[in-house]
Novice: 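The following block contains the structure, expressed as structure tokens.
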Amino acid sequence: WIFESAHFFAGFFIAMFVSEFTHSPSVVIAATIGVGMAWEILEWIAWSIPRIRRTFVRKGTITFADTALDIALDALGAFAFVLFFTVLFT
């Protein structure tokens, strides 16, 4: 559950950062998903290098389902940020 909550809050805080540069909710969410996808691509690349894989903190394999869940949680965090601040400040 720690990795899942980390992805959710990462999406929330990335959205918070991006919102400083644009006030468009769709751009904030899209940028957050883009950052999450970039992270997952780097994770897949790192996992494909045996030397890094041996020293990876997180044990187990990286699967498509794990990657999809991570990106979905990033997006959910961004949605939560946009919804929270849209409702709170408008």
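Keep in mind that this is a model prediction, so the values were computed, not measured.
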Novice: How are the rings of F81 and F12 set relative to one another: parallel (under 30°), tilted (30 to 60°) or perpendicular (over 60°)?
Specialist: perpendicular

Novice: Given side chains that start at C-beta, do those of I71 and H7 come closer than 4.5 Å, heavy atoms only?
Specialist: no

Novice: Hey, is the main chain of I2 close enough, under 3.5 Å, to the side chain of S5 for a donor-acceptor pair?
Specialist: yes

Novice: Ignoring hydrogens, what is the shortest heavy-atom contact between T67 and W44? Give both atom names and the distance.
Specialist: OG1-NE1, 2.7 Å

Novice: Check ring pair (Phe, Tyr, Trp, His ring centres under 6.0 Å) between F9 and all other residues, then give those that pass, not counting sequence neighbours.
Specialist: none

Novice: What I'd like to find out is whether the side chain of L69 reaches to under 4.5 Å of the side chain of L73, using heavy atoms alone.
Specialist: yes

Novice: Rounded at 0.5 Å granularity, tell me how far CE in M16 sits from CZ in F84.
Specialist: 9.0 Å

Novice: Return the set of residues passing ring pair (Phe, Tyr, Trp, His ring centres under 6.0 Å) with F21 (not counting sequence neighbours), or none when no residue passes.
Specialist: F17

Novice: With rounding to the nearest 0.5 Å, note down the distance linking CH2 in W47 to CD in E40.
Specialist: 13.0 Å

Novice: Check the hydrophobic clustering (I, L, V, M, F, W, Y; side-chain heavy atoms under 4.5 Å; chains of links allowed) and say if F13 and V82 are grouped together.
Specialist: yes

Novice: Please answer: with hydrophobic residues joined when any side-chain heavy atoms are less than 4.5 Å apart, are F8 and F85 in the same cluster?
Specialist: yes

Novice: Hey, can you pull the donor-acceptor pairs under 3.5 Å for the side chains in residues 26-38, sequence neighbours left out?
Specialist:
| unit_1 | atom_1 | unit_2 | atom_2 | d |
| --- | --- | --- | --- | --- |
| S26 | OG | S24 | OG | 3.1 |
| T32 | OG1 | V28 | O | 2.8 |

